[in-house]
Amino acid sequence: SMSLTRRNFLLPAVSILLFAACNNSSNRQAKQQHGKDTARAAVAVDTITPQIATYSKRIAANPSDASAYWNRGKLEVLQKKSGPALADFTKAIQLDSTKADYYFSLANVDFLSGHTRNAKDNFEKGLKINPHNTDALLKLGEIYFYVRKYKESMVMIDKAREVNQHLAKA
């Protein structure tokens with residue numbers, strides 16, 4: 001586990017590395033900002049709680065519906081309920097271990113909760129399924145950077161840059 005001040009200190013250094021490594025399109029940044037604004041608006045009005053209830057009903061009707069657990073977990077993340085989100089993402093993976101996004105969602109909550117080792121393991125498991133997820137590659141690079149594995153960190157950042165360049169050309 002890492003103190004918040006150390007993370008906040010390292011973040012600019014990692015950000016500089018990522019900026020050097022990645023050429024983010026302004027279009028994607030605009031979409032991300034729109035997504036954040038939409039998420040904030042949804043939280044303000046609380047359209048999330050009824051959606052969670054809908055997924056809970058789906059789960060009650062079909063307890064082996066992995067996607068229902070995953071979708072409910074994503075909504076719990078928006079409500080900053082990391083405990084229930086971790087439980088739902090874990091259950092989704094138990095039911096269907098073939099979906100990289102389930103591992104990435106779990107890894108993101110682990111990462112934000114300071115469970116660096118779990119986050120690293122889950123990013124790696126997800127990347128075995130989908131090795132071209134730039135967000136996961138960059139976050140794994142950031143984790144390696146935090147634990148002073150600089151060579152591994154640069155490998156992840158380079159992989160993310162390669163994927164980004166490939167996507168840019170497509």
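Starting from 1, each residue takes its place in the sequence as its number.
The line from CD of Gln79 to NZ of Lys74 is 14.5 Å long, rounded to the nearest 0.5 Å. With rounding to the nearest 0.5 Å, the separation of OG in Ser64 from NZ in Lys91 is 9.0 Å. Here Asn133 contributes atom CG and Asp101 contributes atom CG; the two are 7.0 Å apart, rounded to the nearest 0.5 Å.
Taking both residues in full, the closest heavy atoms of Ser153 and Phe145 are given as OG-CB, 3.6 Å, listed atom of the first, atom of the second, then distance. Residues Ile129 and Ser97 share a closest heavy-atom pair of CD1-O, 3.5 Å. Looking at every heavy atom in both residues, Gly73 comes nearest to Asp88 through N-OD2, 3.8 Å. Of all heavy-atom pairs between Lys139 and Phe111, the closest is O-CE1, 4.5 Å. Closest of all the heavy-atom pairs between Leu95 and Pro63 is CD1-O, 3.6 Å. Scanning both residues, Ala100 and Asn130, for their nearest heavy atoms gives CB-CB, 3.7 Å.
Between Glu76 and Arg72 there is a salt bridge, with a side-chain nitrogen of the basic residue lying less than 4.0 Å from a carboxylate oxygen of the acidic one. Of the charged side-chain nitrogens involved, at least one lies within less than 4.0 Å of a carboxylate oxygen, so that Asp96 and Lys99 count as a salt-bridged pair.
Residues Ser67 and Arg58 have side chains in contact (heavy-atom distance under 4.5 Å, counting atoms from C-beta outward). For the pair Lys128/Glu124, no side-chain contact is recorded, criterion being any heavy-atom separation below 4.5 Å from C-beta on. Contact annotation: the side chain of Val77 approaches that of Phe89 to within less than 4.5 Å [non-hydrogen atoms, C-beta and beyond]. Between Asp135 and Asn108, the closest side-chain pair of non-hydrogen atoms falls below 4.5 Å. By the 4.5 Å heavy-atom criterion applied to side chains, Asp158 and Arg161 are counted as neighbours. Counting only heavy atoms from C-beta outward, the side chains of Asn122 and Phe104 never approach each other to under 4.5 Å.
For Tyr102, the ring pair (Phe, Tyr, Trp, His ring centres under 6.0 Å) criterion is met by Trp70, not counting sequence neighbours.
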Intermediate values then yes/no, side chain to side chain contact (heavy atoms under 4.5 Å, CB included), Glu152 and Met156: CA-CA 6 Å; Glu152 291 91 334; Met156 291 301 129; 5.8 Å; no
query: Are Tyr146 and Glu142 close enough, and set up right, to give a side-chain hydrogen bond (donor to acceptor under 3.5 Å, both in side chains), and what steps lead you there?
result: CA-CA 6 Å; Tyr146 287 150; Glu142 199 174 337; 2.8 Å; yes
task: Evaluate the side-chain hydrogen bond (donor to acceptor under 3.5 Å, both in side chains) criterion for residues Thr116 and Asn118: first the C-alpha distance (whole Å), next the side-chain angles of each, then the deciding distance (0.1 Å), finally the verdict.
output: CA-CA 6 Å; Thr116 313; Asn118 289 352; over 6 Å; no
message: Assess the residue pair Tyr144 and Lys151 against the criterion (side chain to side chain contact (heavy atoms under 4.5 Å, CB included)); give the C-alpha distance rounded to whole Å, side-chain angles, the decisive distance to 0.1 Å, and a yes or no.
response: CA-CA 8 Å; Tyr144 281 134; Lys151 186 178 168 189; over 6 Å; no
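In the hydrophobic clustering of ILVMFWY residues, with side-chain heavy atoms under 4.5 Å counting as a link, Leu75 and Ile59 come out apart. In the hydrophobic cluster analysis, where Ile, Leu, Val, Met, Phe, Trp and Tyr join through side-chain heavy atoms closer than 4.5 angstrom, Ile143 is grouped together with Leu127. Cluster membership check: Leu106 does not share its hydrophobic cluster with Ile52, using side-chain heavy-atom separations under 4.5 Å among Ile, Leu, Val, Met, Phe, Trp and Tyr. Residues Val155 and Leu140 are members of one and the same hydrophobic cluster, defined by side-chain heavy-atom contacts under 4.5 angstrom among Ile, Leu, Val, Met, Phe, Trp and Tyr.
In this structure, Ser113 contributes its side chain and Val109 its backbone to a donor-acceptor pair below 3.5 Å.
Across Leu137, Asn164, Thr134, a single residue satisfies side-chain contact (heavy atoms from CB on, under 4.5 Å) together with Lys159, and that is Leu137.
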